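Note that the coordinates shown come from a computational prediction; the quantities given were computed from them, not determined experimentally.
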Amino acid sequence: MEIPFKPITLQDRKIITSFTFQSEYKNCDFSFANMCSWRFLYHSKFAVVKDFLVIRFHVEEDEQRPVYMCPVGNGEGDMREVISLLEEDAAKQGHMLWLLGVTPLGRRDLEEALPGEFKYLPNRDYFDYIYLREDLVNLTGKKYQAKRNHINKFNKRYSYEYKPITPELVPYCLELERKWYKANRTDEDEEDLSYERRSMTYALEHFSELGLIGGGICVDGRIVAFSFGAPITKDTFGIHVEKADIQYEGAYSAINQEFVSHIPEQFLYINREEDLGISGLRQAKQSYYPVLLLEKYTAIRK
């Protein structure tokens with residue numbers, strides 16, 4: 001049987017999220033908004049086969065190698081059958097089966113179906129930082145004192161308004177992004193930032209179709225910080241983008257707290273994605289004290 005893979009489009013949101021929202025896989029890779037807005041880089045495709053959602057894409061370093069996400073079931077199908085079909089699909093393209101972004105729960109499911117048939121390679125740079133929503137809103141305790149100080153300074157210095165991202169606000173968010181891009185671009189990361197810029201622009205231009213929620217902080221008629229994201233599962237929300245003008249001291253801390261405060265309360269967990277091995281980003285994410293550092297593995301069929 002050949003898997004009927006098709007490119008991920010905006011119209012596929014309902015069918016894809018019917019699987020991902022009900023799953024226990026909290027990793028940011030299963031956000032539909034992420035899948036769709038980054039498809040240009042990874043050539044992402046999906047199919048529903050044997051009661052499982054399967055996703056195939058190509059890693060950036062080797063555009064010829066197909067890789068797959070851990071299949072997401074609805075409780076009806078047989079994981080072994082689906083893995084066999086994925087293995088056949090990879091073999092047709094001359095490769096062994098690789099599953100990327102496999103979490104401990106994904107590993108559990110694979111081992112229950114195919115015990116001992118995969119080896120698992122962790123990649124610390126791609127572990128997801130997951131926080132309790134209430135921690136990021138309340139910032140309670142001594143460990144968050146520095147964050148509270150930043151926010152208090154911002155509140156004292158600036159009179160601001162928090163606004164949800166609407167089509168009218170998008171041009172102002174893009175204006176801030178252009179300013180941020182010019183200030184942060186270097187020769188070493190220009191390509192990566194260009195990819196991020198393309199993904200972000202697409203997301204802002206298709207905000208409602210992607211199921212995104214976002215907000216910005218407005219000072220004197222200008223957006224000085226904004227953030228947006230989307231649900232990953234029924235209890236986990238992913239924050240995909242956060243940008244701020246560092247000339248406004250405390251803007252990052254302020255938008256972090258404000259945005260999480262406005263996320264629907266059904267989401268108990270906030271996934272702030274990976275640090276990609278960037279030391280400053282790792283330090284920033286650790287400073288908010290994640291409740292879980294979600295391990296992700298590459299599972300390779302033996």
Side-chain angles (χ1 to χ4, degrees), residues 17 20-21 24-28 30-34 127-166 169 172-173 176 180 200 203-204 207-208 210-219 223-246 248-275 280-294:
T17 57
T20 58
F21 280 11
E24 296 179 295
Y25 300 161
K26 300 181 185 297
N27 46 324
C28 65
F30 281 117
S31 161
F32 174 76
N34 266 347
F127 288 7
D128 284 358
Y129 290 78
I130 296 181
Y131 308 81
L132 288 174
R133 180 184 186 275
E134 63 178 327
D135 285 348
L136 298 185
V137 171
N138 298 323
L139 299 175
T140 302
K142 186 177 180 180
K143 64 184 180 181
Y144 290 115
Q145 183 64 54
K147 303 297 181 186
R148 295 197 300 272
N149 290 343
H150 285 144
I151 292 170
N152 289 336
K153 285 181 181 179
F154 185 84
N155 291 340
K156 289 178 181 178
R157 187 169 296 180
Y158 307 107
S159 176
Y160 75 88
E161 181 181 4
Y162 178 87
K163 295 183 176 181
I165 292 179
T166 61
L169 210 64
Y172 299 99
C173 292
L176 172 58
W180 184 95
M200 186 188 316
L204 286 168
F207 209 74
S208 61
L210 289 168
L212 289 162
I213 299 172
I217 288 178
C218 187
V219 175
I223 293 294
V224 301
F226 72 89
S227 184
F228 65 76
I232 299 172
T233 71
K234 59 187 175 183
D235 67 359
T236 303
F237 189 93
I239 294 182
H240 303 328
V241 169
E242 184 178 86
K243 300 292 180 186
D245 186 339
I246 59 173
Y248 292 80
E249 185 180 357
Y252 269 112
S253 298
I255 189 59
N256 188 315
Q257 185 187 47
E258 281 283 2
F259 180 43
V260 175
S261 299
H262 286 81
I263 291 171
E265 292 185 4
Q266 74 182 78
F267 298 107
L268 304 178
Y269 302 99
I270 304 297
N271 184 324
R272 291 182 58 83
E273 302 192 348
E274 318 103 328
D275 61 38
L281 195 55
R282 180 167 296 186
Q283 183 179 0
K285 290 180 185 289
Q286 289 175 336
S287 72
Y288 276 98
Y289 301 95
V291 68
L292 172 65
L293 188 59
L294 184 64

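Here the CE-SG distance, from Met200 to Cys173, works out to 10.0 Å after rounding to the nearest 0.5 Å. Atom CZ of Arg148 sits about 13.5 Å away from atom CG of Asn155, to the nearest 0.5 Å. If you take OG1 on Thr17 and CZ on Phe32, they are separated by 7.5 Å, rounding to the nearest 0.5 Å. Atoms CG and SG, from Asn34 and Cys28 in turn, are 6.0 Å apart once rounded to the nearest 0.5 Å. The CD1 atom of Ile239 lies 9.0 Å from the CG atom of Asn271; values are rounded to the nearest 0.5 Å. If you take CZ on Phe237 and CD on Glu265, they are separated by 14.0 Å, rounding to the nearest 0.5 Å.
For Thr233 (side chain) and Phe21 (main-chain N/O), no donor-acceptor pair under 3.5 Å exists by modelled atom type. A donor-acceptor pair is defined here as one N or O able to donate and one able to accept, closer than 3.5 Å; no such pair exists between the side chain of Asn27 and the backbone of Asp128.
Counting heavy atoms from C-beta on, the side chains of Ile165 and Leu212 never come closer than 4.5 Å. Ile246 has its side chain out of reach of Trp180: every pair of non-hydrogen atoms, C-beta onward, lies at least 4.5 Å apart. With a 4.5 Å cut-off on side-chain heavy atoms, Tyr144 and Asn138 do not count as touching.
For Tyr172, the side chain to side chain donor-acceptor pair (under 3.5 Å) test picks out no residue, with sequence neighbours left out. For Thr166, the side chain to side chain donor-acceptor pair (under 3.5 Å) test picks out Glu168, with sequence neighbours left out. In this structure Arg157 satisfies the salt bridge (Lys or Arg N to Asp or Glu O under 4.0 Å) test together with Glu249, sequence neighbours excluded. Scored by the side-chain contact (heavy atoms from CB on, under 4.5 Å) test, Leu176 finds Ile223, Phe226, Asp245 as partners (sequence neighbours excluded). When the side chain to side chain donor-acceptor pair (under 3.5 Å) test is applied to Lys26, the partners found at least two apart in sequence or on another chain are Asp235, Thr236. Applying the side chain to side chain donor-acceptor pair (under 3.5 Å) rule to Asp275 yields the partners Arg124, Tyr129, Arg282; only residues at least two apart in sequence or on another chain are considered. Here Arg133 pairs with nothing under the salt bridge (Lys or Arg N to Asp or Glu O under 4.0 Å) rule; sequence neighbours left out. Under the side-chain contact (heavy atoms from CB on, under 4.5 Å) criterion, Ala254 pairs with Phe154, Ile217, not counting sequence neighbours. Every residue was checked against the salt bridge (Lys or Arg N to Asp or Glu O under 4.0 Å) condition with Glu273, not counting sequence neighbours, and none meets it. For Glu134, there are no salt bridge (Lys or Arg N to Asp or Glu O under 4.0 Å) partners, not counting sequence neighbours.
Between Ile213 and Phe207, the shortest heavy-atom contact is C-CZ, 3.7 Å. Of all heavy-atom pairs between Ala230 and Gly211, the closest is CB-O, 3.8 Å. In terms of heavy-atom proximity, Phe267 sits nearest to Ile263 at CD1-CG2, 3.8 Å.
Annotation for Gln266: atom CD counts as buried by contact number, over 12 foreign heavy atoms lying within 6.0 Å. Remark: Gln283 CD is loosely packed, at most 12 non-hydrogen atoms of other residues, nucleotides or ligands lying under 6.0 Å away. Heavy atoms of other residues, nucleotides or ligands lying less than 6.0 angstrom from NZ of Lys153 number 12 at most. Annotation for Phe127: atom CZ counts as buried by contact number, over 12 foreign heavy atoms lying within 6.0 Å. In the displayed structure, Leu268 atom CG is contacted under 6.0 Å by more than 12 heavy atoms of other residues, nucleotides or ligands.
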Scan the side chains in residues 284-292 for donor-acceptor partners under 3.5 Å anywhere in the protein, sequence neighbours excluded, and list what turns up.
residue: Lys285; atom: NZ; partner: Arg272; partner atom: O; Å: 2.5
residue: Ser287; atom: OG; partner: Lys147; partner atom: NZ; Å: 2.8
residue: Ser287; atom: OG; partner: Ala284; partner atom: O; Å: 2.6

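Residue pairs meeting the side chain to side chain donor-acceptor pair (under 3.5 Å) criterion with at least one member in residues 253-262, sequence neighbours excluded: Tyr160-Glu258.
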